[in-house]
Amino acid sequence: MVTIKSKKEIGYMREACKVVDAVYKKIEKEIKAGMSTWDIDQIAEKEMVRLGAIPAEKGYRIGIPGVPDYPAATCISVNDEVIHGIPSKDRIIKEGDIVSVDTVALKNGFNGDAARTFMIGKVSNEAKRLVEVTKQAFFEGIKYAKKGNRIGDVSHAIGEYVYSKGYSVVKEFQGHGIGKEMHEDPGIPNYGRAGRGLRLEPGMTLAIEPMVIEGREDIIELDDGWTIITQDGSLAAHYENTILITEKEPEILTLL
Ligand code: MF3
Ligand code: CO
């Protein structure tokens with residue numbers, strides 16, 4: 001179901017999203033080589049709880065029989081891991097890694113969702129370019145996230161930008177509406193045809209999240225039921241914000 005948020009609900013969305021922004025500011029300051037992905041998860045969870053929010057990914061049920069509930073506050077995906085990497089004390093990040101963190105805060109019954117890809121120390125020029133293009137793909141997409149435009153306009157802009165840089169977008173996962181539920185309609189693919197799909201209206205809150213692969217688009221799901229990696233072993237990056245559709249320009253709620 002597509003939900004249009006009232007003024008009051010937008011206020012709650014803002015609060016949840018502000019927590020996510022604060023979590024990333026904290027991680028940005030503290031992340032460094034030698035930490036485990038579990039250490040990073042703990043920073044995120046503590047900050048979220050300190051700010052009065054609930055880590056919404058913890059215990060998240062995907063609804064596929066046999067897939068365990070998600071066990072952590074964040075998804076942390078390193079290098080060729082694309083999304084949904086499970087934080088682990090055994091996974092130590094090192095100089096040169098790119099580390100995608102994706103987390104959702106639930107506050108006053110509303111969700112804020114964002115992802116960042118952090119570069120650890122000095123990374124290769126190739127990795128840096130991938131991370132920058134992934135972030136820019138989000139900004140290319142939201143140029144079209146305006147009243148009267150369609151979801152396909154956003155999707156198309158993201159995909160075309162990424163392809164123009166010689167990279168692939170992940171097709172099996174997409175952005176989404178967000179509100180009381182972490183995942184609401186509409187789905188927002190990172191590729192597609194302009195002029196198609198739902199028309200955007202003020203009061204919609206959307207999580208736009210380019211997932212970009214350096215090499216081929218194919219992905220593999222690991223046996224843990226969650227972690228998605230690139231099939232060709234090439235690097236992947238992820239960048240996401242929750243935005244609000246307004247009468248004019250979109251507002252990015254998770255980037256303050
Ligand atoms: N935050 C992710 C998204 O961007 C969803 C993560 S799945 C979960 O949509 F199980 F970790 F919650
Ligand atoms: Co999301």
Side-chain angles (χ1 to χ4, degrees), residues 2-3 13 16-17 19-21 23-24 27 37-38 40-42 44-45 47-48 53-78 81-88 91 99-107 110-118 134-135 137-138 141-142 145 151 154-155 158 169-190 204-213 219 221-222 224-229 236-245 250 252-255:
V2 177
T3 57
M13 284 299 296
C17 289
V19 171
V20 176
D21 173 74
V23 165
Y24 284 125
I27 293 174
T37 54
W38 189 83
I40 301 164
D41 181 75
Q42 289 306 293
E45 176 161 5
E47 185 66 357
M48 233 183 244
I54 297 164
E57 290 183 349
K58 212 172 189 173
Y60 186 77
R61 222 156 267 170
I62 212 159
I64 300 169
V67 176
D69 292 356
Y70 194 73
T74 60
C75 299
I76 306 188
S77 312
V78 183
E81 294 167 353
V82 186
I83 50 168
H84 299 171
I86 302 174
S88 159
R91 188 66 192 266
V99 179
S100 299
V101 181
D102 183 357
T103 197
V104 181
L106 177 69
K107 195 174 178 184
F110 286 83
N111 290 279
D113 185 1
R116 304 282 181 260
T117 300
F118 297 96
T134 305
K135 180 176 180 179
F138 165 85
I142 67 160
I151 291 294
V154 175
S155 298
I158 292 171
V169 296
V170 174
K171 296 217 173 97
E172 291 87 342
F173 294 89
Q174 57 184 1
H176 48 93
I178 181 167
K180 284 184 179 159
E181 302 294 329
M182 183 192 300
H183 295 132
E184 298 185 352
D185 289 333
I188 310 172
N190 290 307
M204 287 179 177
T205 46
L206 308 172
I208 313 263
E209 48 179 318
M211 291 156 259
V212 179
I213 298 177
I219 55 172
E221 186 186 285
L222 297 187
D224 62 17
W226 285 101
T227 312
I228 303 294
I229 65 170
H238 188 195
Y239 185 85
E240 172 179 30
N241 283 302
T242 298
I243 69 163
L244 169 69
I245 305 299
I252 307 176
L253 302 181
T254 45
L255 193 62

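Indexing begins at 1, ligand by ligand and atom by atom, following the structure's order. In this chain, residues are counted from 1 in sequence order. Only heavy atoms go into these numbers, but all of them, side chains included; no hydrogens, no water, no symmetry mates.
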Participant: List the closest protein heavy-atom neighbour of atom 7 (S) of ligand 1: residue, atom name, distance to the nearest 0.1 Å.
Facilitator: His84 NE2, 3.8 Å

Participant: Backbone or side chain, does any N or O of Trp226 fall under 3.5 Å from an N or O of ligand 1?
Facilitator: no

Participant: Counting heavy atoms only, which part of Thr103 comes closer than 4.0 Å to ligand 1: side chain, backbone, both or neither?
Facilitator: neither

Participant: Which ligand 1 atoms does Tyr60 reach within 4.0 Å, using its non-hydrogen atoms?
Facilitator: 8 (C), 10 (F), 12 (F)

Participant: Locate the shortest heavy-atom distance separating Ala207 from Ile188; write the atom from each residue and the value.
Facilitator: O-CD1, 4.0 Å

Participant: Nearest protein heavy-atom contact for atom 11 (F) of ligand 1: which residue, which atom, what distance?
Facilitator: Cys75 SG, 3.3 Å

Participant: Is any side-chain heavy atom of Met204 less than 4.5 Å from a side-chain heavy atom of Val2?
Facilitator: yes

Participant: Around the Co ion (ligand 2), how many protein N, O or S atoms are closer than 2.8 Å?
Facilitator: 4

Participant: Heavy atoms only: give me the nearest Tyr24-Val101 pair and the separation to one decimal.
Facilitator: OH-O, 3.0 Å

Participant: Check whether any side-chain N or O of Asn111 sits under 3.5 Å from a backbone N or O of Ile178 as a donor-acceptor pair, and report yes or no.
Facilitator: no

Participant: Got a donor-acceptor contact below 3.5 angstrom from the Tyr70 side chain to the Ala56 backbone?
Facilitator: no

Participant: Would a distance-only check, ignoring hydrogens and angles, find a side-chain to backbone donor-acceptor pair under 3.5 Å from Thr74 to Asp102?
Facilitator: no

Participant: Decide whether Ser100 and Ser77 meet the rule of one side-chain donor and one side-chain acceptor closer than 3.5 Å.
Facilitator: no

Participant: In the protein, what heavy atom is nearest to atom 2 (C) of ligand 1, and what distance, to one decimal place, separates them?
Facilitator: Asp102 OD2, 3.1 Å

Participant: Do any nitrogen or oxygen atoms of His238 lie less than 3.5 angstrom from nitrogen or oxygen atoms of ligand 1?
Facilitator: no

Participant: Please check: side-chain N/O of Trp226 versus main-chain N/O of Pro68, any donor-acceptor pairing under 3.5 Å?
Facilitator: yes

Participant: If you have a sec, work out which protein heavy atom is nearest atom 12 (F) of ligand 1 and how many Å separate them, to one decimal?
Facilitator: Glu57 CG, 3.2 Å

Participant: Check Ile219, Thr134, Val169 against Ile213 for a side-chain contact (heavy atoms from CB on, under 4.5 Å) and give me the one that passes.
Facilitator: Ile219

Participant: Looking at Pro186, is its backbone amide N or carbonyl O close enough to the side chain of His176 to form a donor-acceptor pair, meaning the two atoms are under 3.5 Å apart?
Facilitator: no

Participant: Could you tell me whether the side chains of Thr3 and Glu184 share a donor-acceptor contact shorter than 3.5 Å?
Facilitator: yes

Participant: Just checking, any donor-acceptor pair under 3.5 angstrom between side chains of Asp113 and Thr242?
Facilitator: no

Participant: Any atoms of ligand 1 less than 4.0 Å from a non-hydrogen atom of His176? List them with their elements.
Facilitator: 3 (C), 4 (O), 9 (O)

Participant: Any atoms of ligand 1 less than 4.0 Å from a non-hydrogen atom of Val104? List them with their elements.
Facilitator: 1 (N)

Participant: For ligand 1 and His183, I'd like to know whether there is a polar contact (N/O to N/O, distance under 3.5 Å).
Facilitator: yes

Participant: What protein heavy atom is closest to atom 3 (C) of ligand 1, reported as residue, atom name and distance in Å?
Facilitator: Asp113 OD2, 3.3 Å

Participant: Consider every N or O of Glu240 and every N or O of ligand 1, then say whether any pair is closer than 3.5 Å.
Facilitator: yes

Participant: Give the atom numbers and elements of ligand 1 that come within less than 4.0 Å of a heavy atom of Glu209.
Facilitator: 3 (C), 4 (O), 9 (O)

Participant: Do Asp224 and His84 pair up side chain to side chain, a donor and an acceptor below 3.5 Å, judged on atom types alone?
Facilitator: no

